[in-house]
Structures are given as structure tokens and as C-alpha cells.
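Keep in mind that what you see is a predicted model, and the values were worked out from it rather than measured.
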Amino acid sequence: MKVLLIIEQCNPNWPSVPLVGFQLFQALNAIADVTLVTHGRNQADLEQHTITPKRIVYLHESAFIRNYYQIATAWLPGGMANWPLYHVLTYPIYAEFNHQVYRQFKAAVAQGAYDIVHVITPMMPRYPVKLIRACGTTPFVLGPVNGGIPFPKGFSRVAAQEFAYLNFFRALGRWLIPGYLATYRKADRILAGSVYTHDWLQDSLGVSSDRLALLPENGLDALFLQSQPRTLSSELLRILFVGRLVPYKCADLVIAAIAQLSATEQQRVQLTIVGDGPQRPFLEQQVQQLHLQQQVQFVGWVPQAETRNYYLQSDVFCFPSIREFGGAVVLEAMACGLPCIVADYGGIGEYVTPETGFKLPPTSREALTAGIVQSLQILLHEPDRYAHLSQAAIHRATTFSWPHKAQQILKHYQTLIDSHTAVHTSTSTKNLSTFT
């Protein structure tokens, strides 16, 4: 099966979307004849990685766009990342890449050189794909796309800190960006990374259900998967948080929950916070004000591969993020056998089940904090439940392995190819019959 895989952000050394793009490429590259098209900024890192050097096409940005990026990002404020404004200002960079892909591959795609054209990144559902114009008889797959979930109503203050008031740019995009609506209306299959995005594509863009499929974008590296469930080995409950220290990740609620435990219970818990970000000084001050220096330690940022050591040294993963599209850290924790305490909202609320952890409704800061307290108390006072949660977490995590996800995508490819072949054969037969 010849696949043209377009992944603008595909990098083994960068976190979040670029890493997901690379991992999907690597998994699909193992089972299909893949031609990867990516941005030139990824070349050095991809060439240093141990991948099968098949066909990778690097598209480099022009001098104009290089200079534009430096000027555009200079307008962004320091401190908290202003993602809505960042996506608007950097759109011309993607637009150039999008046009380069079309110019270089339109003829080959139109002539049927590939069985499938699949665009994976950008993942946010706000970008057009010009190459879809050439996909007359070649199936076109988009995604997994994800994002755009609003903040819960009880967290308006956090929403303001994250510049949510600028999200109106997203609504304007569908009318102002050329080819945006056409991409979603013509795509043969759109993989939605979450239930929210799946429903949004139907309700807001009018995508029919037969062209939609649910496929969470995050997968699991085999490095994290454990074969045996965990058991609580001591009276101390070791809690772990891994993530950027920004308001919507809600590490402060984990600290606040520990403060609400009884004095005896506090002596039985230890929280390790792995990660860094602009909220760290505030969190450190919170720990001091609540006199929790003995219960909470900050590790700072560590490479992703090293986080495995922290999962294996912990008993429970607490990650009450209120606006998480993917949340790969939750899958990694589950794979290591950790029951998870999460907000039942966005992607992480779909990973965790009642059998693998605790899903808490984020109706307000107070309610979410109270839910964390209750979950920790259950683990502290009902240790017999722990082994069952751990075993179920590992079992569920295995279904998110990258090879498994690649096989799921391959099934979508084959279904679309068979469908296109049947339509083409039927049309050809009808035309021949008419001619005869």
C-alpha cells in the first residue's frame, strides 16, 4: 500500500504534536510503503534518528517566511503562552508549506501514484489542505484532528489566564481561510481525536457520520508498558504529577487537596511534581503557605524517556487538567500500572474508566479539589482496591500502543481503497455498457 503521509510537524525530539506526528509516521512506516512529506526544520533530528531511511521529502521555508516568523513571534507577550494569538500569527508559515506540498505532489496524486493521501498535522481542526484538490480517485484521510474544547464554566478565571477570549479567531477561520471548509467537506475519512471534536465536526462543519471515526491521537511507547500490576508496598502513598506548570493543568488543586487531608493522612502521602513552567513560583509559594514542604517536592523538567522512572517510583497519578486534548502522560502512567485521578473532561476523561481510576466532574475548583481528596482517601483506606485498578489500567493502556493504532489506521485505508475501487469499477462497467 503506497501512502503519501504529510506531517508538517514530525520530530522525535520535540514534545506534544511533533512527537505524536513522528510516532505515527514510525508505526505506519513499519507496515506500509510510506512517503513522508515534512517541514525542513525537522530534517536534522529525523536524520539522526534510527528510522528506516525510505522516502522523506523535506520542504524548506523561504527567506521571507523565515524573517516573518521572527517578526511575528516578537509580538507575542512573554510569560504564559498565548496559543490563540500564536496560531493566528504563524498561519502564513503553514500556508506556505501547504502550497509547496500541492505544487510538488499534485501531478503524482492526480495520476494515481499513491493509494492513500493522509495528512496528520497540524492537528487542530482549523487548517485547510490544498492537495485535496488533486485527490480525485485517491482517498484522502485527515487526522487525527483534535482541540478547540472550551474551558469548563466553573473555571472562567483560568480561561482568562489562558487567553480564551481570543478563541473567536477559530470561528472566523472557517470563513476567512481559503479551502478550510472544502477540506472537511471533501475528505473521505476524518479521524477525530476526541468525542468532543467528533461531535463538533458534525454539528459545526456538517461532516457526515459515515466520514468520521474516533481515534485518539496519542499512543503508547512500549518503553512504558508493564506486564504485572502494581501493589501498595508501604503505608506511604506516592502521588505523581507530570506536566507543564500552567494554570489549566491544575497542579495547584493537587496541592490544595493534600492540605485538606487530615494530619494523619498527610503524613502518609508524598507528592512529586515533574515539569516546569510559568506557574512554578506560585506553586512553590502555595506549598510554603500550606506548610507542605515535607509532602511536596518539585523535580523540574526531565526528558520524556526519564519520566518512566518517576512513574515506576509512584503509586498513583493525579492529573486534574481541565482542558486536555490528548494527555499522553495519563496513558504512560496507566501503562506503568498507576491508577489515575483525572478531570472527566476532554481526552483524559476518555482514557480513564471507573475500573482504572477516578474521573471527577470539573464543575468548579472546589468540587474538583474535593473529588481529589475523596479519591486519595479511598486509596489510603481501601488498599485492596489498588491492585484491581492497577491491573485494569495496564490492560486498557495496551490498546493505545502505536503498532495497534497503526493497524487501526491501516484498516481505514483499506476500507477507503476498496470503496473507491468498487465505485471506479462500477462506473467503468456502466460506461462500457453504454458504449456497447
Item to check | Under 3.5 Å side-chain donor-acceptor pair for Gln100 and Glu96 | outcome: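 No, no side-chain donor-acceptor contact under 3.5 Å.
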
Checklist entry - Among Val254, Leu253, Val246, which one satisfies side-chain contact (heavy atoms from CB on, under 4.5 Å) with Cys250? => result Leu253

Checklist entry - Between Ile239, Ile255, Val287, Val299, which is the residue that forms a side-chain contact (heavy atoms from CB on, under 4.5 Å) with Ile273? => result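 By the side-chain contact (heavy atoms from CB on, under 4.5 Å) criterion, Ile273 pairs with just one of Ile239, Ile255, Val287, Val299: Ile255.
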
Checklist entry - Donor-acceptor pair, Gln288 side chain versus Gln293 backbone, under 3.5 Å? => result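 Answer holds: no.
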
Item to check | Donor-acceptor pair, side chain of Gln266 and main chain of Ile258, under 3.5 angstrom | outcome: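 At least one qualifying donor-acceptor pair exists.
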
Which residues pass the ring-ring contact (aromatic ring centres under 6.0 Å, His included) test with [X], sequence neighbours left out?
X: Tyr94; answer: Tyr127
X: Phe105; answer: none
X: Tyr311; answer: Phe224, Phe317
X: Phe298; answer: none

For a 4.5 angstrom cut-off between non-hydrogen side-chain atoms, does [X] reach [Y]?
X: Ile65; Y: Phe97; answer: no
X: Leu240; Y: Cys318; answer: no
X: Phe22; Y: Ile7; answer: no
X: Gln297; Y: Leu271; answer: no

Checklist entry - Counting only heavy atoms not in His395, do more than 12 sit closer than 6.0 Å to its NE2 atom? => result no

Checklist entry - Would you call the rings of Tyr68 and Phe64 parallel, tilted or perpendicular if under 30° counts as parallel and over 60° as perpendicular? => result parallel

Item to check | Selection residues 369-380 - residue pairs positive for side chain to side chain donor-acceptor pair (under 3.5 Å), sequence neighbours left out | outcome: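 Every pair satisfying side chain to side chain donor-acceptor pair (under 3.5 Å) with a residue in residues 369-380: Glu265-Gln377.
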
Next on the checklist: Taking side chain to side chain donor-acceptor pair (under 3.5 Å) as the cut-off, I'd like each qualifying pair that reaches into residues 298-308, sequence neighbours left out, listed once.
Outcome noted: Gln304-Glu332

Next on the checklist: Just verifying a value: how many Å separate Tyr91 OH and Arg126 CZ, rounded to the nearest 0.5 Å?
Outcome noted: 11.0 Å

For residues 382-394, run the donor-acceptor check on the side chains, cut-off 3.5 Å, and write out each pair with its distance to 0.1 Å, sequence neighbours left out.
| residue | atom | partner | partner atom | Å |
| --- | --- | --- | --- | --- |
| Tyr386 | OH | Asp315 | O | 2.5 |
| Ser390 | OG | Arg230 | N | 2.7 |
| Ser390 | OG | Gly337 | O | 2.7 |

Checklist entry - For Lys359, what residues pass the salt bridge (charged side-chain N to carboxylate O under 4.0 Å, His left out) criterion, not counting sequence neighbours? => result Asp344

Which residue pairs pass the salt bridge (charged side-chain N to carboxylate O under 4.0 Å, His left out) test with at least one member in [range], sequence neighbours excluded?
range: residues 197-207; result: none
range: residues 204-213; result: none
range: residues 3-18; result: Glu8-Arg41

Next on the checklist: Does Leu376 form a side-chain contact (heavy atoms from CB on, under 4.5 Å) with Leu237? I'd like the steps, not just the answer.
Outcome noted: CA-CA 9 Å; Leu376 293 176; Leu237 184 68; 4.2 Å; yes

Tabulate below the donor-acceptor pairs under 3.5 Å that side-chain atoms of residues 139-150 make, not counting sequence neighbours, or state none.
| residue | atom | partner | partner atom | Å |
| --- | --- | --- | --- | --- |
| Asn146 | OD1 | Ser194 | OG | 2.8 |
| Asn146 | OD1 | Thr197 | OG1 | 2.7 |
| Asn146 | ND2 | Glu217 | OE1 | 3.0 |
| Asn146 | ND2 | Phe325 | O | 2.9 |

Checklist outcome for this item: Closest non-hydrogen contact found for Leu220 with Ala335 is CD2-CB, 3.4 Å

